[in-house]
Structures are given as C-alpha cells and as structure tokens.
Amino acid sequence: MAQFTRVSRSVGLITLQNPPVNALSAVARQGIVDAVKRALSDPKVKSVVICGQNGIFCGGADIKEFGTNITGPPLVPMIHAIEASNKPVVAAIEGSAFGGGLELALGCHYRVAHSKAKLGLTEVTLGLLPAAGGTQRLPRLIGVPAALNLITTGRHVTAAEALQLGIVDQVTDHNAVDEAVKFALSVAGKSLDARRISTYPCPCPSDVDALFEEVMQKVRQSARGAIAPIACVQAVRAAATLPYSQGMEREQELMATLFTSGQARALQYCFFAQRAVGRWSMPSGARWDTSKPRSIHKAAVIGLGTMGRGIAVALAQTGLSVVAVETQEKQFMEAKKMVSGMMERGAKRHGTAPPLDKITYSQNIQAVADVDLVIEAVFEDMALKEKVFQQLSTICKQGTFLCTNTSALDVDHLASQTRNPELVVGMHFFAPAHVMKLLEVVYGPRSSPQAVATAMQLGKKMGKVSVAVGNCRGFVGNRMLKPYLEQALFLLEEGATPELVDGALEEFGFALGVFKMSDLSGLDVGWKVRKGDGLVEPGLASGPSARIRQGRRYSPLGDLLCEQGRFGQKTGQGWYRYDKPGSRVPRYDPWLHSFLEEYRTQHGIVARRIDQQEVLERCLYALINEGFRILEDGIAAGPEDIDIIYVFGYSWPRHRGGPMFYASMVGLAKVLERLEHYHQAHPDVPYMQPCNLLRRLVASGSPPVHKWKEAIKKLRSQL
Ligand SMILES: CCC/C=C/C(=O)SCCNC(=O)CCNC(=O)[C@H](O)C(C)(C)COP(=O)([O-])OP(=O)([O-])OC[C@H]1O[C@@H](n2cnc3c(N)ncnc32)[C@H](O)[C@@H]1OP(=O)([O-])[O-]
C-alpha cells in the first residue's frame, strides 16, 4: 500500500499504492508509517519524496471507512511524524491532492506539483473539515482570508494558483516525481527549521474579529443550513487566535461533532450516489458495462428556444460539430446572436476561445441529414414533436440517434413515429442547459441499450451528471414535482401564505421556496400543460366542482393568477410582486393576500393556522411517496437515481442527501404514519395514500437506503 525504494542513491521514494485514487485507508496509512520509519532509519537516505502511483498523488481519507470502526494508525500523528523528520520530505503532487491528501502534503517540508495537478481541502463537501491539521496549517501557510476561502468551499485550485497562493514551492510540466527527486537532492542536509508549517505564526489581518464575523455571516447565508462550513470557519478562527496545539484540539473537537452528523452521512451518500448512477441498468437487463456507446462526431439541435440554445452551446463546448436548426425567421436571428453571446461569456469565464466555429445554423431541417445524433428541442407540443420525428426519420442518415428534450411527453410515442424506434431516447436537460448539471436520459421500451449508452456518454462528455430513467409522464423529476406543487397550493387554500410555505422550504435548505421558484420559471408553463390536460376551467367558479377535476381535489389558484396575466417574474407579478417585469427580488404583495382571502370566502373555506412542520410534511412526503411509486414501477433503478436527480436538478439541499435518503433518515415508519394521517384527512388526494412499496419496506424492518435496491428486487420476486 506504500512502497519504499531508494532512488538517485540517497532519496527515499515512498509511493502510495491504493488504486484507484490512493485513498488513505488503514492499510495505506500503515504503509506510509512503515515506509517513513524505514526512510528515516536508513543512513543512506538523505531526503525523502512521497508520491502516488498511476499519476495521482492522493484522493484523501478513505471515505468508505467513515461510519465503520476505523482501525490503523491515525492521520494526525502520522503527518506530525513526517513534519518532525530531520530529513527533508518533498511531496510530488500529480493528478489530485485532495482532503487528507493535501494535508499529508502540507506536513511535508516542500511541495512540487505537476502543472495539471489539482489541489483542495475538499472535506467540507463531505460534511467534514480538514481535521488532519489542514485547518491549522493552511492559514499559517497562505494567510487567513485565502485559507478560509479554500476550506469553507472545498474548491479545487490549479497548480498555478497553488503556486501563486504559496501552497506549492514549484510547478513543473515534466514528470513531477523526477523533479521532486531532483528537488529532494538539492535540499538534503539543509536546515528544516523554517519548513515546518505548524511552527509558523498565523498571518492575520489586524481586524481579525471583523473578518471572521463577515465570513461567518456570508457562510451562514450560502450554507443554507449546512453545518460543516460553519465549523470550518470556527476551526480556522482557532488557528488565528490559539497556539498550534490548542488549535489542533479545537479542530478535533469540531470534527467529532461533524463526523457522526446526519449531514456528513448525507453528503458522503451523495458522493457515492453520484458515481453509482453512472452504473445504469434497464429492466431488460441491459447495463452500462455490457452496452457499448457509439462515438458522436456531429450532432444537431432542432428548435432554438431557451432550451435549444443552451443545448447547442453545451454540445459545442465539448468540441462537437453542431448543426443548429430553427425554422422561424425571427427566432432564428435572435438565437444566433444569443448563442454566440452565451459562448463568448462562457469562454471569458474559463479564459478560453469561444467555440463559435463549431456551430452552423440553418433554417432548413434537411441540414441534419449527415449528423450522428439529433436533439429535438421544439415547443412542448406532441403534434409538433410527432411531425419533427417523422421528418427526422426520413431525412437523417441510417443509424442516427434521435433524442427528444421533452420534459414530460411520451418518448415511446415519439419513437413510434420513426422507422427505427430503437434509436430514440429522451435527453431531458434542465434550464439553462449549458449550466445545469443534470441530464435525465429516458429510455422507452424499445430504446436500444446502445442508444442509452450513447446518450449517457454524451452527457458525461458535456460535463453532466446523467441518470438513466424509464418512460412515464414527467419521468422522475417532474413526476415527483407535481404532488409537491399541488400540496403547496392546497396549503394556500387552507390558510397558508406563499411566504410561510417558502420560508419553511428555504429553512429546510432549498435555495428558493416553491412559490418563488414558480415565479422564476414562469407560471404560464404549467398553465399551458394543465390546459392541454383539460384541467383548466375559465373564471372564478365557486362550489365543490370548482375544486375537483377528474374526481380528485384540484386547486385552480395558479390558473386564476395566469388569467390575470400574472406569470411571475417576467410580468412583474406572480405569487409575489416585483419592482418591474424581469426583476428578481420577490416582495410581499397585498393584492395576492386579499385575493387569497376572497378565494377562501367564495369557496367557504375557513382559514386555519398552518405550521412549518405541516408544510414540510405535506410537500416533501407527497414528493417522497411518488418517489416510492417510481421505484415500485421500475422507472428509477434505485433511490440513488432519484436523489441525484433532485440534488442536481431541483436544488434539493445536498446536505439532506436527496428525498429518498431523507426519508430513510426521518424513518420510513414515520413517513408512512404521516402519509396515512394526511391521506385520512384528505381522501380526495389519492397520491397521499402511502405507496405499497413503502408499506412493504416498513414491514420488512425499514432497511437502510443502500439496501433498498436489493429489498425491492426481493419484494418483486415474491409477487
Ligand atoms: C479524517 C481527516 C480529514 C480528512 C478527510 C478527507 O480526506 S475526506 C476525503 C477528501 N477527498 C475528496 O474529497 C476527494 C474525493 N474524490 C474525488 O474528488 C475524485 O474521486 C477524484 C478527483 C480523486 C478522482 O476522480 P475520477 O473522476 O478520476 O474518479 P471517481 O471520482 O469516479 O473515483 C474513482 C473511484 O474511487 C472512489 N473514490 C474516490 N475518492 C475516494 C476516497 N477519498 N475514498 C474512497 N473512495 C474514493 C470513487 O468512489 C470511485 O469508486 P467506484 O465508483 O469506481 O467504485
């Protein structure tokens, strides 16, 4: 797990060997301890280099060990022993040095990095803090403000930035290990008094209290209830105000509270879930490791509305040739300008050249004849999409994959419009498509494993987190959203306000509550869908039928707002009031509150006091219950798929792990009991009836979330 060799006669080379990322597992730590002892006791060794095999220095502590009974030598004394060594130790950083990996490097006396290496104290993203001395050494090395920035965000820095900040001593384009060995030879025998970071004073600005107060406020605001960033600030404060040994004690204390917290568990679950969704499978048995994707060289986007523009930019940014088709003259001209602007802004941010020449524009759909894959992004209208798919099926060359960006429509029905339905899949992007990380890849019953594998691979190339899901109305994300939105409306009818509902959801950790989010997305979008579904009845009718559709409770509140031209931010009025159309700051709207009162009077509803707990239970448990139905129907392969969709596409707070993980933390029996309660209270809302799968999981002892997939398989086989 850590190999010791002697190179260049006097350099002890310690190579971490724990694939794939040389994580610091118990065995790896023991290997390092043994190798360091050997290097220090070998008189022929004058200096030491620590590196990692396979071009990666170290991915940090072994996250799989967290939550288990951790054995083996602890990191802190191991790193102290390295720092205390009287022979110079040089870290040769290639690939990544993250978390405990960078802390190990900070315990070394010198750091040499390859120019392509990335470094970061990433623990905060896993609900932890850099507790192997990172919170105490980094501020001593680079100063408090820069250290706070890195530690509270966990952001990755390039080797160039690390050099500028003073984290590394040298950056090389050559082999970093060879350069580190040369470096080690050059410093052999030199005094190390000025190289032990733990002995440095912590450079602080004069108004340190004001600085910490300001940072703490900023962190609290952006953390949205996450506790690790706050603990990170407290730990750095200890570095700034206490001697090193006391700072280390504070670091350990704070880590102890984080380590066993539900938030750390949730964030670590998300880390593994994000990787697990790449190992997709379909009910047919097709899987990621047996389905070969086809290479895509040229792609097309049909329809250059908001979604199509973002998709075209995202495709061009991967280096693909893109044909962008828009048949309407006005939209065509506007889109060309917008797409170029989007690419230029993106390139400026990344300091690269905009890939303007990657896109060719056309007003003629025939231009897609020679592409390998098409993404249709025309208006969300089945008849229009049917026509496009019929055309594509005759225009495109043999074997072209035909993808739809529909957010809810039947992918299999679109496939049935083509000659080769096996080539059709959904690629459901989220707005803005060149920014949002989530991609739902939707397979129909006839989609070939190769089509799914190709869409998944293309998503990965575009930097998306792609999740393969089955075909149903709304797929996973939007299907679960529907009961969530509806419950929010029902709560308004019964006496809540948009401010109360949004406040509860934002306190839970959502960036925006449901009503602010609806105002941002545009209320007219859902209105059009509801009209298409025959749910909208004009006017403010009263009586029971006004709030019942197709035998179920229905709230016309959103329709009534749209009838008044209140579409949200774009019209300056929605659930809130905005200073002008397009403004973003929601303000209390007295009109809305009188409107709600009048509405209740008209329908004979007596407003009652609704508390935050009821808001959370009704909105979130309705959504979770639909998640269980999705698992029961086999639309998602496992809870990880649902959770990743919600974390990346619907701003579910990551420190709560996603809706299904959250349900497991609350306790399935509790979720079941509350759903039963609300279903009894609202029998005209069928989706509040607890799903069979939830009942059966509870009956089988509420297995932990990582065992659900197995449990579901077992339950299915018993049917
Ligand atoms: C206690 C004192 C304080 C210290 C705390 C810490 O250090 S906290 C840690 C701070 N460290 C971090 O935050 C770094 C976390 N890691 C990363 O950011 C990335 O993995 C990467 C950039 C290192 C490599 O990216 P890439 O795209 O090349 O590869 P990939 O991401 O697909 O991973 C490949 C496989 O390795 C697995 N695995 C990865 N890391 C760890 C780990 N530490 N442990 C265990 N396993 C790990 C990963 O699950 C996957 O397994 P699978 O699915 O194949 O079974």
Side-chain angles (χ1 to χ4, degrees), residues 1 16-29 32 52-68 70-80 93-107 114 116-138 150-151 153-159 228 231-232 235 248 251-261 263-265 267-280 288-289 437 456 460-461 463-466 638 640 644 654 706:
M1 288 287 179
L16 309 190
Q17 295 181 330
N18 185 17
V21 302
N22 297 322
L24 297 166
S25 63
V27 185
R29 295 194 305 275
I32 297 171
Q53 73 169 8
N54 297 334
I56 173 163
F57 180 69
C58 175
D62 185 345
I63 307 167
K64 290 194 187 95
E65 275 185 357
F66 298 163
T68 66
I70 299 180
T71 55
L75 270 181
V76 169
M78 180 189 99
I79 294 173
H80 273 146
I93 302 173
E94 295 176 304
S96 317
F98 290 147
L102 180 53
E103 292 175 278
L104 168 64
L106 292 174
H114 188 266
K116 295 228 165 79
K118 291 270 172 69
L119 299 87
L121 289 180
T122 50
E123 286 91 338
V124 70
T125 63
L126 297 163
L128 304 174
L129 55 76
T135 65
Q136 304 305 299
R137 284 197 179 88
L138 194 66
L150 260 59
I151 292 173
T153 61
R155 80 180 172 89
H156 299 175
V157 298
T158 59
C232 285
M248 283 301 288
E251 182 186 274
Q252 296 308 307
E253 260 168 44
L254 289 162
M255 177 66 158
T257 57
L258 294 179
F259 199 71
T260 49
S261 71
Q263 293 197 3
R265 275 164 63 196
L267 287 158
Q268 288 155 28
Y269 163 82
C270 282
F271 176 84
F272 290 115
Q274 189 178 337
R275 282 145 185 89
V277 297
R279 297 187 283 272
W280 56 271
W288 64 285
D289 51 351
K437 293 278 277 178
M456 290 293 283
K460 196 170 176 189
K461 250 182 138 177
K464 306 290 177 202
V465 178
S466 310
E640 295 86 355
I644 288 302
R654 198 178 164 95
H706 66 273

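Order of listing sets the numbers, starting from 1, for every ligand and every atom in it. Computed over heavy atoms, backbone and side chain alike; hydrogens, waters and symmetry mates excluded.
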Asks: Could you tell me, atom by atom, which parts of ligand 1 come under 4.0 Å of a heavy atom of Arg279?
Replies: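 Within the 4.0 Å cut-off of Arg279, ligand 1 contributes 52 (P), 53 (O), 55 (O).
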Asks: What residue and atom, counting heavy atoms only, is the protein's closest point to atom 4 (C) of ligand 1, and at what distance?
Replies: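 Scanning the protein heavy atoms, the shortest distance from atom 4 (C) of ligand 1 goes to Glu123 OE2, 3.3 Å.
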Asks: Return the residue, atom name and 0.1 Å-rounded distance of the protein heavy atom closest to atom 14 (C) of ligand 1.
Replies: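 For atom 14 (C) of ligand 1, the nearest protein heavy atom is Gly59 O, 3.4 Å.
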Asks: Checking a contact table here: which protein heavy atom is nearest atom 1 (C) of ligand 1, and how many Å away?
Replies: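 Closest protein heavy atom to atom 1 (C) of ligand 1: Met255 CE, 3.9 Å.
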Asks: Using a plain distance cutoff, I'd like to know if Val21 has any nitrogen or oxygen under 3.5 Å from a nitrogen or oxygen of ligand 1.
Replies: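 In fact, backbone or side chain, Val21 has no N or O that close.
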Asks: Please report whether atom 7 (O) of ligand 1 has a protein non-hydrogen atom at a separation of less than 4.0 Å.
Replies: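 True for atom 7 (O) of ligand 1.
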Asks: Any side-chain heavy-atom pair from Arg155 and Leu150 closer than 4.5 angstrom?
Replies: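 Yes, their side chains come closer than 4.5 Å.
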Asks: Which heavy atom of Ala28 sits nearest to which heavy atom of Ala23, and what is that distance?
Replies: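 Residues Ala28 and Ala23, closest heavy atoms: CB-O, 3.6 Å.
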Asks: Could you tell me whether the side chain of Leu254 reaches within less than 4.5 Å of the side chain of Thr135, counting heavy atoms only?
Replies: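 With C-beta onward as the side chain, the pair stays apart.
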Asks: Of all heavy-atom pairs between Lys460 and Ser466, which one has the smallest distance, and what is that distance?
Replies: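 In terms of heavy atoms, the two residues are closest at N-OG, 3.9 Å.
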Asks: Check each atom of ligand 1 against the heavy atoms of Asp62 and keep those under 4.0 Å away; list them by number with element.
Replies: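 Answer for ligand 1: 44 (N), 45 (C).
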Asks: Below the 3.5 angstrom mark, is there an N/O of Ala61, backbone or side chain, next to an N/O of ligand 1?
Replies: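 Yes, Ala61 has an N/O under 3.5 Å of an N/O on ligand 1.
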Asks: For ligand 1, which atoms have a heavy atom of Gly99 less than 4.0 angstrom away?
Replies: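 Near Gly99, meaning under 4.0 Å from one of its heavy atoms, ligand 1 has 7 (O), 10 (C).
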Asks: Leu75 and Glu103: side-chain contact (heavy atoms from CB on, under 4.5 Å), yes or no, with the steps?
Replies: CA-CA 9 Å; Leu75 270 181; Glu103 292 175 278; 5.6 Å; no
Asks: Under a heavy-atom criterion of less than 4.0 Å, does Glu103 contact ligand 1?
Replies: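 Yes.
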Asks: Closer than 4.0 Å and a protein heavy atom, does any atom meet both conditions relative to atom 44 (N) of ligand 1?
Replies: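 Answer yes: something from the protein, a heavy atom, is under 4.0 Å.
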Asks: Can a cation-pi geometry be assigned to Arg265 and Tyr269, taking NZ or CZ under 6.0 Å from the six-membered ring centre and within 45° of the ring axis?
Replies: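 No - Arg265 does not lie over the ring of Tyr269 by the 6.0 Å and 45° rule.
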Asks: Check Ala26 against Gly72 and note the closest heavy-atom contact, atom names and distance.
Replies: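 The pair with the smallest heavy-atom distance is CB-CA, 4.2 Å.
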Asks: What do you think, any protein heavy atom under 4.0 angstrom from atom 49 (O) of ligand 1?
Replies: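 It does; a protein heavy atom is within 4.0 Å.
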Asks: Closer than 4.0 angstrom: is that true for some heavy atom of Pro20 and an atom of ligand 1?
Replies: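 The answer is yes: ligand 1 sits under 4.0 Å from a heavy atom of Pro20.
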Asks: Give the single entry among Phe271, Phe98, Phe272 that approaches atom 15 (C) of ligand 1 most closely by any heavy atom.
Replies: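 It is Phe271 whose heavy atom sits nearest to atom 15 (C) of ligand 1.
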Asks: Would you list the pairs meeting side chain to side chain donor-acceptor pair (under 3.5 Å) in which at least one residue belongs to residues 57-66, sequence neighbours left out?
Replies: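 Residue pairs passing side chain to side chain donor-acceptor pair (under 3.5 Å), neighbours aside: Arg29-Glu65.
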Asks: Would you check if Val27 and Asn18 make a side-chain contact, meaning some heavy-atom pair closer than 4.5 Å?
Replies: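 Not in contact.
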Asks: Flag the pair Met456 / Trp288 as yes when at least one side-chain heavy-atom distance between them is below 4.5 Å, and no otherwise.
Replies: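 The answer is no, as the side chains (C-beta and beyond) never meet within the 4.5 Å cut-off.
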Asks: N/O of Thr122 under 3.5 Å from N/O of ligand 1, yes or no?
Replies: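 Thr122 vs ligand 1: N/O contact under 3.5 Å present.
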Asks: Give a yes or no on whether atom 28 (O) of ligand 1 lies under 4.0 Å from any heavy atom of the protein.
Replies: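 Answer no: nothing from the protein, no heavy atom, is under 4.0 Å.
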Asks: Which of the atoms of ligand 1 are close to Leu126, meaning less than 4.0 Å from one of its heavy atoms?
Replies: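 Close to Leu126: 8 (S), 9 (C), 10 (C), 13 (O).
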Asks: To check your reading of the model: name the closest protein heavy atom to atom 2 (C) of ligand 1, its residue, and the distance in Å.
Replies: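 For atom 2 (C) of ligand 1, the nearest protein heavy atom is Leu75 CD1, 3.9 Å.
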Asks: I'd like to check whether Arg275 has a polar contact with ligand 1, where a contact means an N/O of the residue lying under 3.5 Å from an N/O of the ligand.
Replies: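 Between Arg275 and ligand 1 (N or O atoms, distance only) the closest approach is under 3.5 Å.
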Asks: Give the atom numbers and elements of ligand 1 that come within less than 4.0 Å of a heavy atom of Ala131.
Replies: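 Answer for ligand 1: 3 (C).
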Asks: Drop me the distance from Ile644's CD1 to Lys437's NZ, to the nearest 0.5 angstrom.
Replies: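 It comes to 11.0 Å.
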Asks: Please table the atom pairs, donor to acceptor, closer than 3.5 Å between any side-chain atom in residues 121-132 and protein atoms at least two apart or in another chain.
Replies:
unit_1	atom_1	unit_2	atom_2	d
Glu123	OE2	Gly100	N	3.4
Thr125	OG1	Thr122	O	2.6

Asks: Numbering the atoms of ligand 1 from 1, which are under 4.0 Å from a heavy atom of Gly100?
Replies: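 By the 4.0 Å cutoff, the relevant atoms are 4 (C), 6 (C), 7 (O).
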Asks: Which residue holds the protein heavy atom closest to atom 46 (N) of ligand 1, what is that atom called, and what is the gap in Å?
Replies: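 In this structure, atom 46 (N) of ligand 1 has Lys64 NZ, 3.8 Å as its nearest protein heavy atom.
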Asks: Quick check: Gly60 and ligand 1, any N/O pair under 3.5 Å apart?
Replies: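 No, since none of the N or O atoms of Gly60 sits under 3.5 Å from an N or O of ligand 1.
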Asks: Do other residues, nucleotides or ligands put more than 12 heavy atoms under 6.0 Å from the NZ atom of Lys118?
Replies: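 No, because the 6.0 Å sphere around NZ of Lys118 holds 12 heavy atoms or fewer from other groups.
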Asks: Locate the shortest heavy-atom distance separating Arg137 from Leu106; write the atom from each residue and the value.
Replies: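 Scanning both residues, the minimum pair turns out to be CD-O, 3.6 Å.
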